[in-house]
Every structure is written in structure tokens, then in C-alpha cells.
A.B. asks: 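Right, I'll just put the structure down here and ask away after.
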Amino acid sequence: MGFLVFIPWLLKTSLVGSILVGLIIFIRSIFKNRLGPKWTYLLWFLLIIRLILPVAPESPLSILNLLHLFEPKSVENYIQDGQKLLGIETKPGHRESFQEMEHHSIAVERGMTPLGLFTIIWGLGVFALCAHTTYLNLRIRVGLRKCKVIKDPVVLGLFRQCQSELNSKDNVILVEGTISKIPLVIGVIKPYIVLPLGTRANLTQAELRYVLLHELAHVKRKDLWVNWLLYILQIMHWFNPFIWYGFYRLRLDREVCCDATVLAHLRTEEFRDYGLALISYLEKFPYWSPLIPVSSFGGSPFKERISRIATSNKQADKQGYFLMTVIFLLMALITLSDAEEASSYHNVKIKQLGDVKIVGLDQYFHDYAGSFVLYNLNDDRYEIYNAETSSKRFSPFSTYKIVSSLIGLETGVINEKTVISWDGTLYPVESWNQDHSLVSAIRKSVNWFFQEVDSRVGEKEIKRYFEQIDYGNCDISGGIKEFWLESSLRISPIEQVEFLRDMYTYKLPFAPSNVDVVKRAMRISEQPGAVLSGKTGSGIINDKIGIGWYIGYVEKGKDVFVFATHIQGNLSADGKMAASISRQILQDKNIL
């Protein structure tokens with residue numbers, strides 16, 4: 001994950017984590033003790049998983065769909081975020097495609113921005129907390145070396161008995177020293193149970209048994225491994241008090257869960273004695289840092305732990321497993337996924353396409369998820385790679401400019417010779433910083449030109465033409481300048497091919513002369529016996545998933561082949577890559 005992606009990902013993940021903390025606490029308050037301590041603790045693992053997920057799958061069930069917190073971003077938004085992070089100043093309204101950005105130099109002025117300042121402060125905070133935590137752990141390690149291994153046969157016999165009761169097979173070393181005033185566990189690879197000096201003299205054998213059972217339960221449950229993960233995540237999100245509070249509650253629930261593990265191996269009549277042993281440490285509660293990767297018998301607030309011990313009921317816990325499982329699965333479904341990309345992945349049923357052949361083209365797509373649709377106009381025959389993805393709708397990005405051109409010509413807003421004047425806004429793509437005609441705007445993929453055309457046509461007229469040509473989902477609610485840039489408008493690869501087929505055969509409600517203008521503007525190359533026409537499109541969603549389109553047709557003698565390629569994956573998935581894949585497929589099929 002690159003630096004430009006990491007910081008936005010960190011901020012988004014931290015915000016989602018805050019929502020999840022609130023949701024978990026709300027669920028706990030609703031169901032209280034009915035969830036049981038183990039399932040209550042398990043809920044917090046949803047927070048841990050969410051905070052470490054590099055990419056979350058999109059789902060209509062995600063809670064973020066209801067909150068509308070994260071609108072999907074086009075590649076233009078991504079570029080702007082990256083520029084802001086670096087302190088790059090650009091003019092409002094600047095937009096360009098990803099592949100165009102790759103091939104042009106950018107003249108910018110650099111300076112400090114709020115996001116850049118946050119990055120510096122965040123780095124300093126991480127450094128300070130890492131240094132502080134390292135210091136604390138070194139102190140513990142130094143103190144551990146001064147501890148003495150317990151060799152008292154009576155205590156060791158009791159210790160072995162406790163290991164047998166918990167069926168613990170870990171090689172744990174029992175020592176005593178002055179590291180802490182309460183018993184604790186130290187060490188992930190080589191665990192130590194540290195008893196404070198005087199513990200054996202001040203506790204009865206029964207109380208010591210409960211202490212040892214609790215600490216051994218921490219070791220058996222691998223709580224120290226989880227604690228290290230929490231320590232790393234808490235340092236990463238040091239700026240977020242909601243994450244800190246969530247981890248505080250998690251640690252409390254972990255102690256309650258550890259108590260439950262011990263109680264599961266005790267007789268019911270022993271529950272009270274175990275609780276009394278815990279209360280005996282109440283006045284000895286020391287300073288405790290949530291960053292120290294240790295677990296302790298008395299190192300957490302006691303009220304809820306004592307309440308859980310007093311109300312513990314093994315039979316009731318078993319009866320509540322169904323409720324717990326349902327709640328956990330529902331929470332996982334709504335919290336471990338991102339919002340569906342503005343309804344971008346609505347399944348569209350493949351229509352009755354006639355003669356369809358499903359083909360395997362994995363060797364062309366490599367690590368990209370994608371689809372390819374090829375239509376032989378003369379034979380009325382389809383070849384489809386990845387039928388499921390071919391029937392899903394995605395933002396058209398710059399492929400929409402074909403439609404914008406047709407509507408602009410048909411309404412008389414522009415003609416083939418119309419030149420729209422550049423308004424003086426400086427764009428990173430040098431070729432945009434000048435006046436443009438329709439043909440030059442299509443070939444240079446000038447966003448501002450088509451945004452101006454659409455503004456002149458108006459939403460009402462655009463909507464009317466969309467419904468006539470049945471263009472994707474016909475949704476322009478995302479705004480007159482934004483709806484085709486990873487916003488409301490969606491179209492599937494199959495629908496792209498159907499649109500181009502109807503355009504090529506003059507079956508759309510546009511004058512043939514206007515269609516011919518667009519055809520000429522789309523022409524890319526002429527080879528002996530074959531003419532290629534097409535348009536690319538690129539975008540990025542969630543700052544990390546690249547999208548690439550390449551649609552067009554090949555005229556080869558009397559045959560016409562209409563195609564659409566769609567890819568998505570890492571940030572290298574763009575229109576340029578989609579075009580490269582398309583050309584290779586067409587060449588291997590002897591179409592180009």
C-alpha cells in the first residue's frame with residue numbers, strides 16, 4: 001500500500017472503527033448479559049478485523065450504505081486527494097483520466113496542507129508512542145530478569161494441578177518479583193506468570209489456585225498475542241479517542257471472558273470464592289498502561305467482572321448460543337464490508353442475446369478481475385468472457401463521452417465545427433488548456449468540454465435521451481457534471497456493446513449525419529483490411545481499486561466486430577491497460 005493510499009485508508013478505517021465501537025457498545029447495552037462473556041468479547045474481534053482489512057468487499061448489507069459516509073471516488077477525486085496530501089494546488093473543476101495523468105508533466109506549487117500537517121503530526125505521535133512502549137517493555141524485561149523462579153514444591157504442585165484442570169499444555173514459567181503489585185503474565189513466545197513478592201504469604205492456597213487458574217487461562221487463550229495486535233493498532237490510531245475507548249472496553253471484556261474460562265472449570269459453589277479472591281485485590285489496583293503487552297489478574301475495573309461472576313449460569317450460557325451466533329453473523333455482515341459503490345454492482349440479467357459462446361480468456365487478464373464481450377454484427381453472435389461480470393453495471397467514466405457527443409449534436413448545442421472556448425482554468429494536462437472542437441475533445445478526452453456540453457443540453461433532455469436509448473440505468477441524479485464519473489450512472493459491458501451496435505447500425509434516435517461525426521472522432525487506427533474505433537475510460541473507487549474500460553468496434557472487410565472490455569484491480573487497472581488487453585485479444589482472434 002503506497003503512502004498516498006495509506007493515509008486516506010487510515011483515516012477512513014479509523015472513522016469506520018469509531019462507528020463500529022459505538023455499534024458494539026449499543027448491542028451490548030441492548031442484550032446485556034444475554035450474549036455471554038465469550039461472545040461479547042468475540043464481537044470486539046470485528047473491530048480488530050475491520051482495522052486491519054486493506055480492502056473490504058462491497059455489500060448492499062453494509063451499514064455504510066445507510067450512513068452514506070463514503071461516496072465512491074472517480075480517478076479524478078483520487079488524483080485530487082493525492083495532490084492535497086502533497087500540498088499540490090490545483091484549480092477547482094480540474095478533472096482528467098488516470099492514463100492521461102501518466103503521460104503529462106504537472107506544474108504545481110507545493111505547500112503545507114491540513115492533510116500534510118496531519119501526516120507529520122501522526123508520524124511524530126507514532127514515534128513517541130513506540131518509544132514510550134519500548135521503554136516500558138524494556139523496564140519489564142529488566143525486572144523479569146531480577147525475578148526468581150519459584151521452586152516451592154507445594155506451590156509447584158498446585159501450579160501443575162491448575163494446568164491439568166485447564167488442560168493447558170503451554171510451557172509456562174512461574175516466578176515472583178517486584179515488577180507489579182498484582183499477578184500478571186508476560187511473554188508471547190516464552191510466557192511467564194509473575195507473582196508479586198509476598199503473594200504466597202498473603203493468600204490462602206485456595207485463593208492462590210484461583211490466581212494461577214486465571215493467569216493460565218490468559219496463556220491458554222493466547223491473549224498476549226491479541227494484546228500485541230491491539231498495541232500496534234492503538235499506536236496507529238493514537239489520534240482517535242473512540243478507538244482507545246473501544247480497546248479499553250475490549251480489554252475489560254477480555255478479563256470477563258477469562259473469568260468465564262476459569263468458571264467453566266469450577267463447580268458452581270466455587271464461584272463466590274473466586275469473586276472474593278478478585279475483590280481482595282481491589283485496594284491494590286496499580287497504575288496500568290493499556291500499551292503494556294501483559295495480562296493480569298487484577299488489572300481491570302472490577303464492577304462488571306464481579307457482576308458477571310455473581311450472575312454466571314452455565315446452562316443459560318448454553319441456551320443463548322443461537323442468539324449469540326445470529327447476532328455475531330449479522331454484525332459481521334454489516335460491519336466487515338464497505339458501502340456498495342453507489343449501487344454500482346447491480347446485477348443485470350443477460351438478455352436474450354441469441355447465439356452466445358462463453359470463452360476462457362484468463363491468460364489475458366492476469367491479476368485483474370474483468371470481462372470481455374465481443375459481438376459479430378454480421379453473424380449476430382456473441383463471445384463473452386466472465387458472463388457474471390459482463391452483466392454487472394459500473395460507472396462508464398469517459399466512455400460516456402460518446403453519448404454526450406451524440407446528444408449535443410442532436411440537440412443542436414454543438415456541431416462538428418463548433419469550438420468551445422477554454423475558460424482559462426489551468427489543467428495538469430497541457431492539451432486541455434486550449435479551445436476545443438468536438439473531434440479534438442473526444443480524442444484528447446477533455447472532461448471540461450463534455451461537462452459544458454451537458455450543462456447546455458440540460459438534465460431534462462439528457463434524461464429523455466437516456467430513456468429512449470436505454471443507456472444503462474439512466475440515472476443522472478449524481479449531478480450534471482458528475483453523474484458519469486463514478487456517481488449515479490451505471491452500465492454493464494453487455495449494454496455497452498448493445499449501445500455501440502445500435503449506434504453503428506443507426507438504430508438510435510440520432511440523425512445518421514450526427515452518428516457519422518462521432519464515428520469519425522472515435523477512429524483510432526487504420527490497418528490493412530481493418531479499422532479500429534474506440535474510447536477508453538478510467539476510474540478509482542475507495543482510493544485503491546482501479547477501473548478500466550475500452551469499448552469500440554473493428555471494421556474488417558464486410559465484417560464488423562463490436563467489443564467492450566472492463567477490468568478492475570490495483571491502481572494499474574485503467575483504460576490504457578484495458579485497451580492493451582483488448583488489442584491482444586483482437587489480434588489473437590485475427591480481427592486486428
Side-chain angles (χ1 to χ4, degrees), residues 1 5-31 35-73 221-223 225-237 240 242-251 253-254 257 321-347 369 388-389 392 486 540-547 568-570:
M1 184 182 295
V5 177
F6 174 75
I7 294 298
W9 170 83
L10 177 70
L11 291 171
K12 172 186 172 180
T13 303
S14 198
L15 181 55
V16 175
S18 302
I19 297 170
L20 190 48
V21 169
L23 185 59
I24 292 173
I25 292 175
F26 174 75
I27 294 295
R28 291 176 80 260
S29 66
I30 294 295
F31 292 95
L35 287 180
K38 294 182 179 179
W39 285 89
T40 301
Y41 177 53
L42 193 60
L43 283 177
W44 290 110
F45 277 78
L46 298 176
L47 174 62
I48 294 175
I49 294 172
R50 183 72 217 212
L51 292 179
I52 63 178
L53 271 182
V55 179
E58 294 86 8
S59 169
L61 299 177
S62 173
I63 191 173
L64 299 183
N65 285 304
L66 300 177
L67 299 177
H68 298 291
L69 284 176
F70 301 109
E71 291 299 328
K73 292 187 176 183
R221 289 160 33 82
K222 309 300 181 185
D223 285 340
W225 289 95
V226 176
N227 221 34
W228 270 107
L229 182 57
L230 295 181
Y231 134 75
I232 294 171
L233 291 174
Q234 194 158 351
I235 288 179
M236 287 177 58
H237 296 270
N240 189 334
F242 297 101
I243 300 297
W244 279 66
Y245 180 70
F247 284 169
Y248 164 77
R249 295 296 297 266
L250 183 156
R251 290 184 172 94
D253 285 340
R254 179 183 61 197
C257 187
Y321 273 15
F322 177 75
L323 173 64
M324 301 168 195
T325 303
V326 171
I327 291 174
F328 182 82
L329 292 177
L330 287 176
M331 286 281 289
L333 285 173
I334 67 175
T335 60
L336 298 184
S337 57
D338 276 344
E340 196 172 39
E341 301 299 332
S343 303
S344 60
Y345 300 121
H346 295 311
N347 284 320
E388 181 180 358
T389 306
K392 291 181 179 179
E486 193 57 44
I540 287 177
I541 56 176
N542 279 347
D543 295 339
K544 49 187 173 286
I545 301 175
I547 299 291
Q568 74 176 48
N570 55 40

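Given the structure is predicted, the values throughout are model-derived calculations rather than measurements.
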A.B. asks: About how many Å separate CG of Leu10 and CG of Leu15, when rounded to the nearest 0.5 Å?
C.D. replies: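 Rounded to the nearest 0.5 Å, the CG-CG separation comes out at 11.0 Å.
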
A.B. asks: Report yes if the side chains of Ile24 and Met331 come closer than 4.5 Å at any heavy-atom pair, otherwise no.
C.D. replies: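 Heavy-atom side-chain distance check passes, below 4.5 Å.
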
A.B. asks: Apply side-chain contact (heavy atoms from CB on, under 4.5 Å) to Phe328 and list each qualifying residue two or more places apart in sequence or on a separate chain.
C.D. replies: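 Trp39, Leu42, Leu43, Leu46.
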
A.B. asks: Could you state the interatomic distance from CH2 (Trp225) to CG (Leu229), rounded to the nearest 0.5 Å?
C.D. replies: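 Nearest 0.5 Å value for the CH2-CG distance: 11.0 Å.
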
A.B. asks: Quick one: pull up CG in Leu20 and CG in Leu51 and give me the separation to the nearest 0.5 Å.
C.D. replies: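 The distance works out to 7.5 Å.
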
A.B. asks: Would you check if Trp44 and Val226 make a side-chain contact, meaning some heavy-atom pair closer than 4.5 Å?
C.D. replies: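 Sidechains of Val226 and Trp44: no contact.
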
A.B. asks: When you measure from the side chain of Ser29 to the backbone of Phe26, do you find a donor-acceptor pair of N or O atoms at a distance under 3.5 Å?
C.D. replies: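 Confirmed, Ser29 side chain pairs with Phe26 backbone.
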
A.B. asks: If you look only at pairs with a residue in residues 39-53, which of them pass as a salt bridge (charged side-chain N to carboxylate O under 4.0 Å, His left out), with sequence neighbours excluded?
C.D. replies: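 Listed once each, the pairs are Arg50-Asp338.
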
A.B. asks: Could you tell me which non-hydrogen atom of Cys257 sits nearest to which non-hydrogen atom of Arg221, and how far apart they are?
C.D. replies: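 Heavy atoms of Cys257 and Arg221 come nearest at SG-NH1, 3.1 Å.
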
A.B. asks: From Leu53 CG over to Trp9 CH2, what is the distance, rounded to the nearest 0.5 angstrom?
C.D. replies: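 These two atoms lie 8.5 Å from each other.
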
A.B. asks: Could you give me the CA-CA distance, side-chain angles and deciding distance for Leu230 and Arg251, then say whether side-chain contact (heavy atoms from CB on, under 4.5 Å) is met?
C.D. replies: CA-CA 9 Å; Leu230 295 181; Arg251 290 184 172 94; 3.7 Å; yes

A.B. asks: Yes or no on side-chain contact (heavy atoms from CB on, under 4.5 Å) for Arg28 and Asp253, after CA distance, side-chain angles and deciding distance?
C.D. replies: CA-CA 11 Å; Arg28 291 176 80 260; Asp253 285 340; 2.8 Å; yes

A.B. asks: Taking only residues two or more places apart in sequence, or in another chain, which ones meet Phe247 in a ring pair (Phe, Tyr, Trp, His ring centres under 6.0 Å)?
C.D. replies: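 Here no residue qualifies.
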
A.B. asks: Is there side-chain contact between Arg254 and Asn227, with heavy atoms separated by less than 4.5 Å?
C.D. replies: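 Result yes, sub-4.5 Å side-chain heavy-atom pair found.
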
A.B. asks: Who pairs with Ser14 by side-chain hydrogen bond (donor to acceptor under 3.5 Å, both in side chains), at least two apart in sequence or on another chain?
C.D. replies: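 Ser14 satisfies side-chain hydrogen bond (donor to acceptor under 3.5 Å, both in side chains) with His237, Asn240 only.
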
A.B. asks: If you define the side chain from C-beta out and look only at heavy atoms, does anything of Leu233 sit under 4.5 Å from Leu47?
C.D. replies: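 Not in contact.
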
A.B. asks: Checking side-chain contact (heavy atoms from CB on, under 4.5 Å) for the pair Phe242/Tyr245: CA distance, chi angles, key distance, verdict?
C.D. replies: CA-CA 5 Å; Phe242 297 101; Tyr245 180 70; 5.7 Å; no

